[in-house]
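Structure, as structure tokens:
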Amino acid sequence: MPELPEVETTRQGLLPHVVGKRIRDVIVRNAALRWPVPADLSRRLRGEQVVAIRRRGKYLLFDCREGHLLVHLGMSGRLTLVPDNLPPRPHDHVDVRFEGSRTLRLTDPRRFGAMLWVRGPAERHALLKGLGLEPLEAGFTGAAMHAKARGRRAPVKHFLMDARVVTGVGNIYASEALHRAGIDPRRSAGRISRARWDRLAASVRSTLERAIAAGGTTLRDFASAEGRPGYFQQEASVYGREGLPCRTCGAAIRALRQGQRSTFYCPSCQR
DNA sequence: CCGGACGCCTGTCGGC
DNA sequence: TGCCGACAGGCGTCCG
């Protein structure tokens, strides 16, 4: 589920309530996530103060004095702030209890998410080391993408979703950005001109920014830290709109499968 | 190195 | 009504 805009929405919702706060306790109800939640997580976190919350791609980093709490939301993960006394429901796997009466609760039905403790520089952690460009930072340009795509025969949609190239773009926003840029998702990444990469990089950026402004996309279970859904799905141009008219040209939106994932596009606007 | 498929896990939905 | 397969926002790993 959560792509960059949902993770960023979560981060922004947590900032005012978590930064500067001290952790009282951690309760792990189910450690069986994508990787096991470390058995000593509670011991590591107790008494730590969260000094900042950063995002790298779809990862969240809670910076503490002695290390970093690394969180990934997988397909169905959610981080919400709840009152201390709210009873856990099924799939509520971890509670991080802060001073005061707030608890940060990780909910994740499919358990593809992760919660890990990182010592030392977070960017050297195995999961973060190989990540590519941050699409909302200055280095993400058409020129950079054009250079990375040289010689690559993979479909551009797949290329956009490759975290080693650019991080944070998932299945929804790849389809949306390609529609905005007027590019066929099946086209080989290496056969896209520099001018079109300029357009596509700008589209990726503006699509993600608009989604963040809308509070992300809620298809089924995403909610912000405060428990509010996102509204970007109402603005979607192609995702989930098979058979409906393209908002630009009126042609029927089509769906296809690319490597086990569904892709939506307009056969008339996207070439 | 590259590209594609698989598997992890649970819930939901559509068709028969 | 019940069962079964397909599919869902991700991504590390394996294979050719």
Side-chain angles (χ1 to χ4, degrees), chain A residues 1-11 29-37 55-60 70-79 89-93 106-116 125-132 135 147-178 185-191 204 207-208 211-212 214-224 229-236 238-243 255-264:
Chain A
M1 137 240 275
E3 304 182 35
L4 186 152
E6 290 72 38
V7 177
E8 180 61 21
T9 296
T10 299
R11 189 184 78 88
R29 297 188 187 82
N30 185 355
L33 302 185
R34 175 76 198 262
W35 293 282
V37 177
R55 178 186 57 71
R56 177 74 173 102
K58 302 177 193 174
Y59 291 89
L60 280 176
L70 177 65
V71 178
H72 193 284
L73 298 177
M75 286 281 266
S76 58
R78 218 200 294 195
L79 277 177
R89 305 182 53 205
H91 311 304
D92 288 345
H93 306 310
L106 176 68
T107 307
D108 185 1
R110 293 178 71 180
R111 289 187 277 122
F112 290 169
M115 185 175 267
L116 300 168
H125 189 273
L127 291 173
L128 305 183
K129 208 166 36 183
L131 295 181
K148 281 174 180 273
R150 176 174 304 230
R152 297 290 298 267
R153 296 180 0 187
V156 59
K157 194 241 187 182
H158 192 262
F159 188 72
L160 277 183
M161 292 175 64
D162 183 344
R164 290 161 304 184
V165 176
V166 51
T167 177
V169 182
N171 204 38
I172 296 177
Y173 300 113
S175 280
E176 291 297 315
L178 285 163
R186 296 164 295 189
R187 181 175 288 271
S188 283
R191 296 188 56 251
V204 167
T207 299
L208 297 176
I212 292 167
T217 297
T218 296
L219 294 183
R220 41 186 66 80
D221 42 20
F222 175 72
S224 70
Y231 295 98
F232 185 79
Q233 66 279 8
Q234 295 170 13
E235 292 180 44
V238 289
Y239 190 86
R241 299 191 69 243
E242 183 179 9
L256 55 85
R257 289 195 77 76
Q258 293 182 287
Q260 328 293 90
R261 314 299 297 275
S262 56
T263 296
F264 298 88

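Proteins get letters first, then strands, A, B, ... in listed order; numbering begins at 1 in each. Reckoned from all heavy atoms, side chains included, excluding hydrogens, waters and symmetry mates.
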Measuring from A/Arg257:CZ to A/Thr263:OG1, what's the distance to the nearest 0.5 Å?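 Output value for this atom pair is 8.5 Å.
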Checking the side chain of [X] only, and the main-chain atoms of [Y] only, is there a donor and an acceptor separated by less than 3.5 Å?
X	Y	answer
A/His158	A/Gln258	no
A/Arg34	A/His72	no
A/Glu235	A/Ala214	no
A/Arg187	A/Ala189	no
A/Arg11	A/Leu60	no

What pair of heavy atoms forms the shortest contact from [X] to [Y], and how long is it?
X	Y	answer
A/Leu106	A/Leu33	CD2-CD1, 3.7 Å
A/Thr167	A/Arg56	CG2-NH1, 3.2 Å
A/Thr218	A/Gln233	N-OE1, 3.0 Å

Using a 4.0 Å heavy-atom cut-off across all strands, classify A/Tyr59 as base, sugar-phosphate, or nothing.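 If one applies the 4.0 Å heavy-atom cut-off, A/Tyr59 turns out to touch the sugar-phosphate alone, with no base involved.
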Categorize A/Arg164 for me: base, sugar-phosphate, or nothing, with a 4.0 angstrom heavy-atom threshold over every strand shown.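 Nothing, no nucleic acid heavy atom in range.
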Would you say whether A/Phe112 stacks on B/dC8? The test is a distance between ring centres of less than 5.5 Å and an angle between planes of less than 30°.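 Given the distance and angle limits, yes, they stack.
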Do any side-chain nitrogens or oxygens of A/His91 fall under 4.0 Å of OP1 or OP2 in B/dG11?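 It does, given that an N or O in the side chain of A/His91 lies less than 4.0 Å from OP1 or OP2 of B/dG11.
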If only side-chain N and O atoms of A/Ser262 are considered, is one of them under 4.0 Å from the OP1 or OP2 phosphate oxygen of C/dA8?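 Yes, within the criterion.
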May I have the distance from [X] (atom [atom1]) to [N] (atom [atom2]), rounded to whole angstrom?
X	N	atom1	atom2	result
A/Leu131	C/dG12	CG	C1'	12 Å
A/Leu219	C/dG9	CG	C1'	6 Å
A/Ile212	C/dG9	CD1	C1'	15 Å
A/Asp108	C/dG10	CG	P	13 Å
A/Arg110	B/dT12	CZ	P	12 Å
A/Phe264	C/dG9	CZ	C1'	12 Å
A/Arg34	B/dT10	CZ	P	15 Å
A/Leu160	C/dG9	CG	P	16 Å

hbond_proxy [X] side chain to [N] base (donor-acceptor, 3.5 Å cutoff):
X	N	answer
A/Arg261	C/dA8	no
A/Arg220	C/dG9	yes
A/Arg111	B/dC9	no

Where protein sits on nucleotides 1-6 of chain B, one letter per nucleotide: B base, S sugar-phosphate only, - none, heavy atoms under 4.0 Å: -SSSSS
Kindly list each side-chain donor-acceptor pair under 3.5 angstrom involving residues 169-177 of chain A, sequence neighbours excluded, with atom names and distances?
from: A/Asn171; atom 1: OD1; to: A/Lys157; atom 2: NZ; distance (Å): 2.4
from: A/Asn171; atom 1: ND2; to: A/Ser262; atom 2: O; distance (Å): 3.1
from: A/Tyr173; atom 1: OH; to: A/Glu6; atom 2: OE2; distance (Å): 2.6
from: A/Tyr173; atom 1: OH; to: A/Thr217; atom 2: OG1; distance (Å): 2.7
from: A/Ser175; atom 1: OG; to: A/Phe264; atom 2: N; distance (Å): 3.3
from: A/Glu176; atom 1: OE1; to: A/Ser237; atom 2: N; distance (Å): 2.7
from: A/Glu176; atom 1: OE2; to: A/Ser237; atom 2: N; distance (Å): 3.3
from: A/Glu176; atom 1: OE2; to: A/Val238; atom 2: N; distance (Å): 3.0
from: A/Glu176; atom 1: OE2; to: A/Tyr239; atom 2: N; distance (Å): 2.8

Between B/dC8 and C/dC3, how many Å separate the two P atoms, rounded to a whole number?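 That atom pair is separated by 24 Å.
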Of the listed nucleotides (C/dG9, C/dC7, C/dG10), which one gets closest to any side-chain atom of A/His72?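 Nearest nucleotide to the side chain: C/dG10.
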Given a 3.5 Å cut-off on both pairing distances, which stems involving DNA chain C, each at least three consecutive Watson-Crick or G-U pairs, are present, if any?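 Consecutive-pair runs (3 or more) involving DNA chain C: B:2-8 with C:10-16, B:10-16 with C:2-8.
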